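A quick write-up on the structure given underneath.
On a predicted model such as this, the values are computed, not experimentally measured, just so you know. Quick note: numbers below take in every heavy atom, side chains included, and nothing from hydrogens, waters or symmetry partners. Numbers for residues simply follow the sequence, beginning at 1.
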Amino acid sequence: MDLDIVNMVLIAGGTLLIPILAFTASFLVWPAALINIYYWYWRRTLGMQVKYVNYGNYTFCYITRGRPGPKPSLLMLHGFSAHKDMWLTVVKFLPKHLHLVCVDMPGHEGTTRSALDDYTANEQVKRIHQFVESINMNKKPFHLVGTSMGGNVAGVYAAQYPADICYLTLICPAGLQYPNDSKFLKQLKESGDTQKIPLIPSTAEEMGEMLKLCSYVRFKIPRQVLQGLVDVRIPHNEFYRKLFLDIVGENSRYSLHEQMAKIKAPTQIIWGKQDQVLDVSGADVLSSSIPGSQVEILENCGHSVVMERPRKTAKLIVDFSSTSKDGENHKKQD
């Protein structure tokens, strides 16, 4: 979730030879500004443009590169409390000729947020379909990619709008009945406190614990930097709490599980073997219900697959769309 920012800290403190104390102090004072500069730099470097589109009085913010061509366009849906720029680590390794679109999910970053909106998976699917129609992306079928919450929405979208999708990639998606409880789900059950959700940190210590929960890779991060990351998130925490309660509510918790049998598109399932947020056992649940699905289990990788293994993720996505065939069901150990 915030691992790309952690990477920024490591680069700034070492590779670019900026004194780590000065950088840390700057991050503490101007965390939002430095984060915005970081994303601006990578968007410009990778040729990604920020755009806005309206559907009625609702605004979607997205980044894009290229134009529709012979290869299917890619639409990428991020996870809970993230944003469109989290995909930049993967975009770096995708072919430049591909048409790419990464959208801010409902209520996130530059996309409209309203306290009156319903953020259940089915309602988010309706919003994403509005976005797709607004930019005419479904003139021909496209490759839909989603991770975590975005994976839940992507899977339900493919079930409800099969004509729009030619390929589907689900990266450790939410919305399933998992045979095994993850560390995160166990913590939720033991706590029972909706004000203490491990994915919604409000202190530097909680931020550090969230990063450990989401990533198999361990970083030594200065406390001041953790505090800076928390300071950026705190103004949004009430929204994140509402969003979380909506997507885990009775009408949304198992949305993907309930509709996965309707998915007709060739489907790729990617999961980190050491995922502590959503247990890897979900991969078997999906593959047993989606004929011809291809499963990739990544060793030494946690929930933040996109951040931990961006090069591998990009390669898997491109290879899948190039070689996918109906009727195959492979399970590979990486």
Side-chain angles (χ1 to χ4, degrees), residues 1-4 39 43 48 50-56 58-64 73-91 100-135 137-138 142-161 164-165 168-175 197 199-200 214 232-233 235-249 252-253 255-256 277-278 303-307:
M1 296 185 173
D2 292 89
L3 292 178
D4 47 348
Y39 287 128
R43 286 195 299 265
M48 300 290 287
V50 178
K51 294 188 176 182
Y52 296 86
V53 67
N54 293 322
Y55 186 93
Y58 197 92
T59 300
F60 294 95
C61 180
Y62 63 105
I63 54 175
T64 184
S73 299
L74 260 70
L75 173 59
M76 311 176 90
L77 308 182
H78 65 73
F80 174 80
S81 77
H83 48 78
K84 60 190 177 300
D85 292 314
M86 68 160 282
W87 291 107
L88 292 174
T89 55
V90 174
V91 169
L100 308 176
V101 177
C102 310
V103 64
D104 281 327
M105 296 291 283
H108 290 75
E109 197 77 6
T111 290
T112 296
R113 176 183 299 178
S114 170
L116 301 177
D117 276 359
D118 181 340
Y119 292 99
T120 58
N122 284 311
E123 291 302 313
Q124 290 198 61
V125 166
K126 291 178 184 177
R127 286 296 189 192
I128 295 303
H129 188 246
Q130 292 171 355
F131 170 71
V132 165
E133 291 193 319
S134 296
I135 64 171
M137 196 165 184
N138 54 353
F142 57 88
H143 185 166
L144 182 58
V145 180
T147 183
S148 196
M149 179 192 77
N152 184 4
V153 174
V156 176
Y157 188 107
Q160 294 185 2
Y161 302 100
D164 285 4
I165 310 301
L168 175 66
T169 297
L170 303 177
I171 305 174
C172 48
I197 300 169
L199 298 181
I200 308 178
C214 294
V232 171
R233 294 174 63 95
H236 308 285
N237 276 358
E238 282 308 307
F239 163 70
Y240 294 153
R241 187 166 287 104
K242 171 180 168 49
L243 169 64
F244 184 83
L245 294 177
D246 278 0
I247 60 180
V248 302
S252 185
R253 185 178 307 165
S255 297
L256 178 54
V277 178
L278 299 171
H303 185 66
S304 300
V305 173
V306 172
M307 302 302 175

Nearest atoms (heavy-atom pairs only) where Met86 meets Ala82: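 Closest pair (atom of Met86, atom of Ala82, distance): SD-CB, 3.7 Å.
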
Shortest non-hydrogen contact between Met105 and His78, atoms and distance: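 Heavy atoms only, the tightest pair is N-NE2, 2.9 Å.
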
Do the side chain of [X] and the main chain of [Y] share a donor and acceptor less than 3.5 angstrom apart?
X	Y	value
His83	His108	no
Asn152	Pro173	no
Thr147	Gly79	no
Thr169	His143	no
Tyr58	Thr112	yes
Ser81	Tyr240	no
Asn138	Asp164	no
Lys242	Asp117	yes

Check whether any side-chain heavy atom of [X] sits under 4.5 Å from a side-chain heavy atom of [Y], and report yes or no.
X	Y	result
Tyr161	Val125	yes
Arg113	His236	yes
Cys102	Met48	yes
Thr64	Ile135	no
Cys214	Leu199	yes
Ile165	Phe142	yes

Angle between ring planes, Phe239 versus Tyr119, binned at 30° and 60°: parallel, tilted or perpendicular?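 The arrangement is perpendicular - the two ring planes meet at more than 60°.
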
If we check side chain to side chain contact (heavy atoms under 4.5 Å, CB included) with Tyr62, which of these qualifies: Val101, Leu75, Val50?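 So the option named by the test is Val101.
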
Under a 3.5 Å cutoff, is there a donor and acceptor pairing between the side chains of Arg127 and Gln130?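 Yes - a donor-acceptor pair under 3.5 Å links their side chains.
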
Using only heavy-atom distances, determine whether the side chains of Thr120 and Asn122 contain a donor-acceptor pair under 3.5 Å.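 Looking only at side-chain atoms, Asn122 and Thr120 do not form any donor-acceptor pair under 3.5 Å.
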
